[in-house]
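A short write-up of the structure that comes next.
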Amino acid sequence: MWLEVVIDVLWPGKGPKALEASAERIIDGRHSGMLAVECWAPGAFKRRLNQSGWLEDEVIAAGWLEQGRTHSLFALLTGLALIQVVRRRRAMSLPREFVLAVTADRVVALGLSPWKEGDGHGEDSVSVLKIKPGERGSWARGPVRLTDLHERVRTKGATLQLPGEEPFPVTYGGDPSTHELIEHLRR
C-alpha cells in the first residue's frame, strides 16, 4: 500500500481511472482505523458516521469545523493572520480541526486527521478527510449552539458554545454537510 501511495504522489495519474482507484483506496480506509469521508458531497459525514456504527444513536447532521477566527483581508495582507496559526487552541479539550455530529439527544466531537487528499476542484477531483476513532467530547444537544455567524474572504465563521467551555470562534468552509450541521446548531 505504501508503495502505491508513493507512486501516486510522485507520478499521479491524470486519467479518471487512476483518480477513481485512488479515491476507492482512501475511502476504504481499512489500514488506518480512521473513517474516510468524501468532502463536498451532501450528507457525506452523516452517512459515513451512520455506516460506521461508531455512535450508538443515528446521526442527524455532521460537519467539519476548525478552531479560530476568520481572517480579515487586512490581516491576510499584513501577515497578522499568522498569529492565529501559532496561537494555542481556545478549547483545549478539542483538536484544532474536528467533526461535530448531532444526534437526537447529544452532540459528539470527533478528531480529524490534518491530512486531506485531493482539492475538491475540477470534474474528476475527489477531496477526502479522515475522522479519527473515539469521541473527543459529548454534550447534551440543547445547550450546544452556534451564534454570531459571519463570512469573510471566502471563509465562514461563528462562535461555538459548549457546556463547561468558554464560547470560542470556529471557521468552516462551504461543504454541504457542514452547512446542514450549521442549520441544526444555529440559534
Side-chain angles (χ1 to χ4, degrees), residues 27 29 34-72 75-76 81 84-85 87-116 118-120 127-187:
I27 290 172
M34 293 188 217
L35 183 65
V37 178
E38 182 182 346
C39 299
W40 310 105
F45 284 91
K46 171 178 67 176
R47 185 172 42 259
R48 290 293 286 153
L49 284 168
N50 283 330
Q51 288 172 350
S52 73
W54 285 0
L55 303 176
E56 294 175 11
D57 303 325
E58 180 183 358
V59 176
I60 299 168
W64 157 33
L65 300 173
E66 184 175 343
Q67 289 191 47
R69 298 189 187 284
T70 56
H71 306 298
S72 68
L76 290 172
Q84 279 293 9
V85 175
R87 183 180 185 163
R88 71 177 188 86
R89 297 185 315 262
R90 309 263 175 123
M92 295 305 288
S93 63
L94 294 175
R96 189 168 301 276
E97 291 184 296
F98 58 96
V99 171
L100 276 186
V102 177
T103 68
D105 300 329
R106 63 187 185 129
V107 176
V108 178
L110 300 156
L112 189 62
S113 172
W115 300 103
K116 177 174 81 167
D119 60 3
S127 183
V128 176
L129 292 174
K130 291 185 179 180
I131 302 172
K132 296 177 181 179
E135 295 180 13
R136 297 298 299 264
S138 178
W139 306 271
R141 185 174 176 191
V144 177
R145 58 185 160 176
L146 283 168
T147 59
D148 305 325
L149 277 71
H150 56 276
E151 185 172 349
R152 287 189 193 141
V153 193
R154 295 178 19 198
T155 305
K156 298 173 181 168
T159 301
L160 180 59
Q161 297 179 355
L162 298 172
E165 297 269 357
E166 287 292 319
F168 61 95
V170 293
T171 59
Y172 57 96
D175 179 61
S177 293
T178 303
H179 282 296
E180 187 179 359
L181 170 74
I182 301 302
E183 290 304 314
H184 275 82
L185 295 179
R186 76 186 292 178
R187 293 185 195 166

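Just the heavy atoms: all of them, side chains too, but no hydrogens, waters or symmetry mates, feed the values below. Source: prediction; values computed, not measured.
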If I take atom [atom1] from residue [X] and atom [atom2] from residue [Y], how far apart are they, to the nearest 0.5 angstrom?
X    : Y    : atom1 : atom2 : result
E183 : L146 : CD    : CG    : 10.0 Å
H184 : T103 : NE2   : OG1   : 10.5 Å
L129 : D175 : CG    : CG    : 8.0 Å
L160 : D148 : CG    : CG    : 11.5 Å
T171 : Q67  : OG1   : CD    : 9.5 Å
M34  : L112 : CE    : CG    : 9.5 Å

Looking only at atom types and distance, does a side-chain atom of [X] sit under 3.5 Å from a main-chain N or O of [Y], one as donor and one as acceptor?
X    : Y    : result
R48  : A36  : yes
S113 : K130 : no
E180 : A62  : no

Salt bridge (Lys or Arg N to Asp or Glu O under 4.0 Å) against E135, all qualifying residues, sequence neighbours excluded: R106
What I'd like to find out is whether the side chain of W64 reaches to under 4.5 Å of the side chain of L181, using heavy atoms alone. no
Please tell me if the side chains of R141 and V102 come closer than 4.5 Å, counting only heavy atoms from C-beta onward. yes
What is the minimum heavy-atom distance between [X] and [Y], and which atoms define it?
X    : Y    : value
A41  : S177 : O-OG, 3.2 Å
H150 : A158 : CE1-N, 3.7 Å
G63  : T178 : CA-OG1, 3.6 Å
G134 : L110 : O-CD2, 3.5 Å

Could you check K156 against L149 for side-chain contact (heavy atoms from CB on, under 4.5 Å), going step by step and ending with a plain yes or no? CA-CA 7 Å; K156 298 173 181 168; L149 277 71; over 6 Å; no
For V144 and V108: C-alpha separation, side-chain torsions, deciding distance, then whether side-chain contact (heavy atoms from CB on, under 4.5 Å) applies. CA-CA 10 Å; V144 177; V108 178; over 6 Å; no
Sequence neighbours left out, cut at 3.5 Å: what donor-acceptor pairs do the side chains of residues 52-60 make with other protein atoms?
{"residue": "S52", "atom": "OG", "partner": "L49", "partner atom": "O", "Å": "2.7"}
{"residue": "S52", "atom": "OG", "partner": "W54", "partner atom": "N", "Å": "3.1"}

L94 vs L65, side-chain contact (heavy atoms from CB on, under 4.5 Å): CA-CA, chis, key distance, verdict: CA-CA 11 Å; L94 294 175; L65 300 173; over 6 Å; no
